[in-house]
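Single-structure report; data block below.
Numbers restart at 1 for each chain; the letters A, B, ... are given by sequence-line order, proteins then strands. Any value given below was found using the heavy atoms of this structure, including those in side chains, with hydrogens, waters and symmetry copies removed. Just so we're clear, the structure is a prediction, and the values are computed from it rather than from any experiment.
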There are 2 protein chains.
Amino acid sequence: MADRKTISYQDIRDEVVARIQNRRWPQGTVLPTELELAAEFGCARATVNRALRELAERGIVDRKRKSGTRVALSPTKQAKLEIAVVRQTVEEMNAAYRYSLVSRDLMACPPWLQAKIGLTDPGQVLHLCCMHFADDRPFQFEERWINVQAVPHVIEADFLSVGPNEWLLAEVPFSDAEVAFSAVPASASLSEFLAVPTGTPLFQMERTTWFRSEPVTFVRMTFHQGYQMRTRY
Amino acid sequence: MADRKTISYQDIRDEVVARIQNRRWPQGTVLPTELELAAEFGCARATVNRALRELAERGIVDRKRKSGTRVALSPTKQAKLEIAVVRQTVEEMNAAYRYSLVSRDLMACPPWLQAKIGLTDPGQVLHLCCMHFADDRPFQFEERWINVQAVPHVIEADFLSVGPNEWLLAEVPFSDAEVAFSAVPASASLSEFLAVPTGTPLFQMERTTWFRSEPVTFVRMTFHQGYQMRTRY
DNA sequence: CAGTGGTCTAGACCACCCT
DNA sequence: GGGTGGTCTAGACCACTGC
């Protein structure tokens with residue numbers, strides 16, 4: 001350690017990671033207590049605490065009261081996926097974004113959807129189909145159902161110029177969501193919208209969204225052939 | 001707010017989220033300063049700081065020195081994906097896990113791989129193919145290349161009973177990785193290993209791993225038909 | 001019961017960056 | 001230049017949990 005004036009929590013965090021990678025503290029090892037580490041590094045316990053808390057969040061160590069901090073055994077690593085709005089994703093590729101509404105109809109909530117999102121009252125849903133283009137080439141086909149009861153004035157939105165994703169984000173900020181990724185074959189309609197042969201493997205993302213425990217929307221986003229979702233961790 | 005003895009950072013965090021969802025603080029709004037919030041909630045600034053820092057990590061607010069804290073405009077939401085070892089994934093489905101080594105050969109690093117993982121010296125790589133089963137049904141096909149230079153004694157491992165993933169995790173703990181998810185058609189060999197017709201859409205995950213900036217391994221994991229990766233956020 | 005992490009406080013200094 | 005968040009300190013009390 002450099003003999004700087006003050007030790008930062010990042011110094012401690014990095015040093016702990018180094019010792020784990022060095023095998024000085026192999027997997028399963030119980031680390032010294034916060035007090036001991038604070039003494040070793042010559043800093044306050046709060047500083048050690050912050051460093052170790054961050055490592056615990058990353059899944060690198062496990063912490064328990066009384067038993068202490070130990071190096072994690074099965075490193076269930078956590079990847080942070082940044083899920084942005086389609087427009088942003090397209091623009092980050094330096095491509096021109098274009099949005100187009102395909103269809104919009106109000107309907108009774110179908111039973112499968114009712115079960116899927118856990119809706120008790122069989123109310124109405126707004127059913128939307130949209131296309132997103134990058135440089136005028138198909139990028140994503142979006143099929144969405146919105147729970148009218150949860151967002152009543154969705155009926156007044158025409159979704160001609162603004163996509164439902166962005167509209168909802170402004171309307172229902174910071175909701176909870178559950179996502180599922182999978183590979184699906186292009187159906188007849190998907191093959192037309194995304195300009196690929198029927199049966200082509202396509203990357204799909206499904207998402208159900210709740211606002212204060214009330215289901216708001218379910219969306220199925222199917223990407224163009226060859227799309228990859230990437231992240232670092 | 002309940003008139004409890006002390007205000008926790010979670011109280012503040014939840015209250016701030018509530019005010020954002022209430023539209024009391026619409027998107028783009030500049031929040032009161034930490035000092036002002038501390039005064040309002042009757043707590044120390046550090047407590048407010050921790051609450052707001054957590055919200056900033058979640059992407060709900062943006063913080064900048066001098067300009068202050070404001071409600072995020074484009075909520076690039078972050079999903080935390082827990083990427084576990086295959087065995088763990090299978091066992092969490094209450095299925096019996098079985099592993100099988102398909103092939104193992106030492107070879108010169110092919111140029112495409114050299115370019116992909118950013119390897120400067122054209123050294124040797126260990127090329128492995130493995131199968132993972134859940135209740136004796138194909139679950140995942142794994143094709144992997146390991147940089148021998150980075151992990152020399154990988155040559156002594158036979159990978160007959162322990163898969164390369166678990167071996168590497170014990171060997172090279174907590175490395176950095178880059179992952180990409182996509183949908184691919186089943187190739188001739190994939191169709192045999194995963195028992196599906198050729199061309200079937202399959203979910204695939206590719207991962208490159210570095211340990212202290214040195215490339216360690218590149219792996220391509222292809223899942224059985226219909227596999228879904230799920231998460232909440 | 002006692003040890004460990006979890007959290008809060010009151011105060012301080014610093015670094016960044018907008019005006 | 002000055003205001004804001006970023007961080008550290010020294011001390012305190014609390015909550016959980018293994019012994």
Side-chain angles (χ1 to χ4, degrees), chain A residues 1-17 19-20 25 27-73 75-76 78, chain B residues 1-17 19-20 25 27-73 75-76 78:
Chain A
M1 302 300 302
D3 46 354
R4 231 175 307 162
K5 293 168 202 166
T6 65
I7 298 293
S8 77
Y9 78 93
Q10 303 172 10
D11 294 333
I12 299 178
R13 181 196 59 194
D14 294 346
E15 175 63 19
V16 170
V17 169
R19 289 186 189 177
I20 292 173
W25 288 337
Q27 295 179 27
T29 309
V30 177
L31 268 59
T33 67
E34 295 189 344
L35 232 38
E36 290 167 346
L37 286 173
E40 181 193 338
F41 289 107
C43 67
R45 182 166 82 93
T47 308
V48 175
N49 180 279
R50 168 131 190 220
L52 293 184
R53 180 158 33 90
E54 202 171 297
L55 294 180
E57 272 169 19
R58 281 206 248 160
I60 292 185
V61 298
D62 288 327
R63 316 195 76 191
K64 264 188 210 165
R65 297 183 185 187
K66 169 72 179 176
S67 36
T69 305
R70 60 180 60 221
V71 182
L73 286 171
T76 296
Q78 297 182 339
Chain B
M1 305 293 301
D3 47 352
R4 232 176 306 163
K5 292 168 200 166
T6 64
I7 298 295
S8 77
Y9 77 93
Q10 303 171 10
D11 294 334
I12 299 177
R13 181 196 58 195
D14 295 346
E15 175 62 20
V16 170
V17 169
R19 290 187 187 175
I20 293 175
W25 288 336
Q27 294 179 26
T29 309
V30 177
L31 268 58
T33 68
E34 295 189 345
L35 232 37
E36 290 167 345
L37 286 173
E40 180 192 340
F41 288 106
C43 67
R45 183 166 80 96
T47 307
V48 175
N49 181 278
R50 169 131 189 221
L52 293 183
R53 180 156 34 89
E54 205 172 294
L55 294 180
E57 274 169 17
R58 282 206 249 159
I60 293 186
V61 299
D62 288 328
R63 314 195 77 191
K64 264 190 209 162
R65 293 179 194 199
K66 169 69 180 176
S67 36
T69 305
R70 60 180 61 218
V71 182
L73 286 173
T76 296
Q78 298 182 339

Opening and closing nucleotides of DNA chain C in contact with chain A, under 4.0 Å to non-hydrogen atoms: dG3(C) to dT7(C)
Donor-acceptor contact below 3.5 Å, side chain Asp11(B) vs main chain Ser8(B): yes
Partner residues of Ala56(B) under the side chain to side chain contact (heavy atoms under 4.5 Å, CB included) criterion, sequence neighbours left out: Val61(B), Arg63(B)
All side-chain hydrogen bond (donor to acceptor under 3.5 Å, both in side chains) counterparts of Gln10(A), not counting sequence neighbours: none
Touch class at under 4.0 angstrom, heavy-atom based, for Arg45(B) against every strand present: base
Separation of atom CD in Glu36(B) from atom C1' in dG5(D), rounded to whole Å: 13 Å
Residue closer to the 5' end of DNA chain D, Tyr9(A) versus Leu52(B) (nearest nucleotide): Leu52(B)
Partner residues of Glu36(B) under the side-chain hydrogen bond (donor to acceptor under 3.5 Å, both in side chains) criterion, sequence neighbours left out: none
With Arg53(B) via salt bridge (charged side-chain N to carboxylate O under 4.0 Å, His left out) - residues at least two apart: none
Residues forming a salt bridge (charged side-chain N to carboxylate O under 4.0 Å, His left out) with Glu57(A), sequence neighbours excluded: none
All N/O pairs under 3.5 Å across the protein-nucleotides 15-19 of chain D interface:
from    : atom 1 : to       : atom 2 : distance (Å)
dA15(D) : O4'    : Arg65(A) : NH1    : 3.1
dA15(D) : N3     : Arg65(A) : NH1    : 3.2
dC16(D) : O4'    : Arg65(A) : NH1    : 3.4

Arg45(A): partners by side-chain hydrogen bond (donor to acceptor under 3.5 Å, both in side chains), with sequence neighbours left out: Glu34(A)
Residues in salt bridge (charged side-chain N to carboxylate O under 4.0 Å, His left out) contact with Arg58(A), at least two apart in sequence or another chain: none
Between P of dG5(D) and CG of Leu35(B), the distance in whole Å: 9 Å
